[in-house]
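Heads up: the structure comes next, in structure tokens.
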Amino acid sequence: MLELTGLIPAIPFFSFLLLAIFGPRMARRAVSIIGAGSIGASAVISGIVTASFISAPPADWSYHQVIWQWMSVSGFQADIGFYLDALSVVMVLVITFVAFLIHVYSTEYMEGDEGYSRFFAYMNLFVASMVTLVLADNLLLLYLGWEGVGLCSYLLIGFWYSDPVNGRAARKAFIVTRVGDTSMVIGLFLIFDRLGTLNLQELMHRATLQWPVGAAVAVAAAALLLGGAVGKSAQLPLQTWLPDAMAGPTPTSALIHAATMVTAGVYLIARTHVLFSLAPPVMLAVAVIGAATLLLAGCSALTQRDIKRVLAYSTISQIGYMFLALGVGAWSAAIFHFMTHAFFKALLFLAAGAVIQAQHEEHDIFKMGGLRRMIPITFWAFLISGCALAGLPLITAGFYSKGMILWGAWSSPQGGPALWIAGLVGVLLTSLYIFRVIFVAFFGQAQIPVEHPPRLAKNLPMVVLSALSIGAGWVNLPSYLGNKLWLNDVLYTALPKVAERQVGWITEDWSEGIITAAFALGLLLAYELYLRRRDATRPLTENALGRAIHEFWYADWGFDFVYDKLFVAPVVWFAQVDKSDFIDKFYDGVAAVSRACYRALSATESGRMRWYAASIVGGTVVFIFIVLVL
Amino acid sequence: MQILFYISGTIAIFATVMTVTRLNAVHALLYFIASLLSVAVIFYILGAPFIAALEVIIYAGAIMVLFIFVVMMLNLGERAVEMESKWLSPGMWIGPEILAAILIAEVVYLLSRSPIEAHAIQYVEPREVGLALFGPYLIGVELASMLLLGALVGAYHLGYRKPKVLENPDADNTDATRAAAGGDLVRPGHDRPAGAA
Amino acid sequence: MFALGTIGLLVRRNLVFTLMSIEIMLNAAGLAFIVAGAHWMQADGQVMFLFILAMAASEVSVGLALLLRLYHQHGVLDTDSASEMKG
């Protein structure tokens, strides 16, 4: 059954072609059925493939399928080939399943929009590219998928293109990720130059043979790949595009900017883990970037008013957790957190979308209230996923995955107390900001009457994802609950196990306990500040220092400002200078010279006979002279 | 013999200079005829009597006469002489003189390179020329005749002018005009209505 | 003589003189041919002169016809005024 792997990206791709060409002429129902149905088929096939993979695993727990040979040029060969191992199986299953639920949701969310078929076409292309990225057996095909998701992200952020703000946001996203992509491409060149292949398994094998641990070239290659991952996953310093990307439709934010595309960087690092293991400085950089990002984004999320921007910063922060896990060598923990995060973050976005549509397209949480009674299913969905995000103990998925990451941060040889404490503070912040949103928007007095309460197509995916947000954590039960790490066992066939060192009195149980305490503290603080006394935060923000910090965190720690001054302003200045197109003047000069020559020569055509006769005689003289001399 | 050659040469050059510099067209033509005659003498000295005869007959006799006919027909008059003098300012001569001087210098240089043997002038018979014409140069003769034909047709065509429409369409009709004029044909000016030009 | 004819061609504006200068040049060329023929003692030089003569005759007739045309067209025989091919 594993041969069906090739269909997983193919079906959405053909659906994209169909919708792109015939979409505007098809009926809404047909578009919904094709658009969502293709992803559904993809999800079913990935389910079959996963079941087949786990129940009857192929030799060496990996399966390779080559569709055709893409190119073969003087020693370089790349195929359209799919590589199935535990890592890609997990990724593909989660991606297609969540994508399917989001597509079903969008059939209701986008129903009033006149770009309906265009939306589904782009979303399908996105899923096809993402699956290609995940299943690729060589870095070139992976890069193709990488670029494809970048393109779809641009198209979908700027989906409502008539508003220039959306266009700017889309361009910003594309350009910032482009910086990362360029770094990645240079990394690809370097890898090919030194190792002679871009086939992932092959190159990792050769790297272990040729490069000693800590070799400069390994560090360079890993660092360049890290650049690409940082761009795509919106980590420091390239995280500025994600909050603005919320200008796109909410299902897009749910799919691309929460569950899947932003995790492409995480996947890349996990996939090329051998290269990263060979470069310890880069691993440290990954962990530090992850830790710094999660703190930074957590602080920023605390100050935002737009519900989607809070979730955007939350995404940045959670991916910081995944990077932290990758950096300390807890590969499977990162993938576990990816899975749970996909579920609860997508759910958060879907619920937020339902809220926004129910509140007359209002995004500001302080203008909402009392939604708990008015749209109950959405409230419960948001509440469950919010708890999962913060890590409500035992009954939410986030608790397990976050716990595993933080335990890895403490106990791994590359980890340490500093990283663990950063993660802990992050838990506090996460709990604080998400419960802030819940209490402000859903509790209290109703301010805006509900307009379009969500119906079946929206509610059903939310219910399914809620169930997953609760139960998805139980695939990896930690040591104090029986140590049944089913998911990890599967993943260890593809990713190395995290080594544990003895660290004194803190064991996993203690770690979990402290985390739970942080969670509870955050919840209590949110309750105090936002529910009990609504304007309790006012003294904090009225204070000059408080206001300064508030502004600073609100503006994403000033990154946008710095980038604007550092990069954007010079380019704009140069564009202004070039407005008169001075480079072109050179070519104009060429034309002007030739025109001058033309004028000069046409002056010789005076029409006077004697002048012509004179020129004939002159020419004869010269000619004879030449003959004489030479 | 030699001295005759130099005299005719001098006359030829002098006549040519006069041709080029005269203001009056007819004067220039007459000088040119003088030049042609002296060149004919040179030809005779060089041993080509047939050609000398042809030069006089055709060149001086036919072509120059044609020129004179046309100049006479044009009837340029005094105004033309004035215009000529206006056009021929001294400054005009400089450029062409320089070009011509270079040309002469080049030709002299070319000639000086090849060794010149001065030998007795042989007399080339007209018979030889005729044999050459009808022998190797036959095609040239044919081409020349075609050229002349073309020139003839061309000159006729170019010279053709549409007949002028007469102001008085009855001018040829002598009865009516005579009746109108009321006189007889013998007296001049009375075959046209009075007042007409 | 050829040089003199060239000077005349370049200097004179009246078309009659221009044609005359051309005749001078042709004559000079013919003279050169005859001299060459006499030098090599062959009939070829004279034959060439005959062709030149025929050519000169035809050229003169056509040229004078054109001259008449020009005169009737423009009223003056100035070659510089007939510069409609300018530019």
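Protein chains get the first letters and strands the later ones, always in sequence-line order, with residue 1 at the start of each.
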**OP:** Step by step, work out the side chain to side chain contact (heavy atoms under 4.5 Å, CB included) result for C:F49 and B:E55.
**Re:** CA-CA 9 Å; C:F49 182 77; B:E55 171 96 353; 2.8 Å; yes
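- With a threshold of 4.5 angstrom between heavy atoms, B:I13 approaches chain C through its backbone and through its side chain.
- For B:F69, no part lies under 4.5 angstrom from a heavy atom of chain C.
- When each of B:L103, B:I42, B:V39 is checked for heavy-atom pairs under 4.5 Å with chain C, B:V39 comes out on top.
- The distance from atom CD1 of C:I34 to atom CD1 of B:I45, rounded to the nearest 0.5 Å, is 13.5 Å.
- Looking at residues two or more places apart in sequence or on another chain, you find no side chain to side chain contact (heavy atoms under 4.5 Å, CB included) involving B:L152.
- Of all non-hydrogen atoms in C:I24 and B:F32, the two that sit nearest each other are CG1-CE1, 3.4 Å.
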Original post:
Does the side chain to side chain contact (heavy atoms under 4.5 Å, CB included) test come out yes or no for C:D44 and B:Y137, once each step is laid out?
Top reply: CA-CA 9 Å; C:D44 296 335; B:Y137 288 104; 3.2 Å; yes
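- The parts of C:S61 that come within reach of chain B are both its backbone and its side chain, each placing non-hydrogen atoms under 4.5 angstrom from that chain.
- Atom OG1 of B:T16 and atom CZ of C:F2 lie 13.0 Å apart (nearest 0.5 Å).
- Only the side chain of B:I58 comes within contact range of chain C, with heavy atoms under 4.5 Å apart.
- When heavy atoms are compared at a cutoff of 4.5 Å, C:L19 approaches chain B by way of both its backbone and its side chain.
- Neither the backbone nor the side chain of B:V153 comes within contact range of chain C; no heavy atoms are under 4.5 Å apart.
- The structure places CZ of B:F50 at 8.0 Å from CD of C:Q46, a figure rounded to the nearest 0.5 Å.
- With a 4.5 angstrom heavy-atom cutoff, C:L68 touches chain B only via side-chain atoms.
- Residues of residues 59-66 of chain B lying under 4.5 angstrom from chain C, judged on non-hydrogen atoms, are B:Y59, B:I63, B:M64, B:L66 by number.
- Taken from CD in B:E97 to OG1 in C:T6, the straight-line distance is 12.0 Å, to the nearest 0.5 Å.
- Looking at residues two or more places apart in sequence or on another chain, you find no ring pair (Phe, Tyr, Trp, His ring centres under 6.0 Å) involving B:F67.
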Original post:
So B:I51 and C:L50, side chain to side chain contact (heavy atoms under 4.5 Å, CB included) or not? Walk me through it.
Top reply: CA-CA 8 Å; B:I51 296 300; C:L50 271 173; 4.2 Å; yes
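- Applying the side chain to side chain contact (heavy atoms under 4.5 Å, CB included) criterion to C:A3, with sequence neighbours excluded, gives B:A100, B:I104.
- Taking all atoms of both residues into account, the shortest heavy-atom contact from B:L158 to C:A65 is CB-CB, 3.7 Å.
- Ranked by heavy-atom pairs shorter than 4.5 Å toward chain B, the options C:N27, C:L26, C:V35, C:L67 are led by C:N27.
- Both the backbone and the side chain of B:T19 come within contact range of chain C, with heavy atoms under 4.5 Å apart.
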Original post:
Would C:F51 and B:L147 satisfy side chain to side chain contact (heavy atoms under 4.5 Å, CB included), going step by step from the backbone distance to the final call?
Top reply: CA-CA 10 Å; C:F51 290 139; B:L147 178 67; over 6 Å; no
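- Within 6.0 Å of atom NE2 in C:H72, more than 12 heavy atoms from other residues, nucleotides or ligands are found, so the atom counts as buried in its surroundings.
- Heavy-atom minimum distance, B:A25 versus C:M20: O-CE, 4.2 Å.
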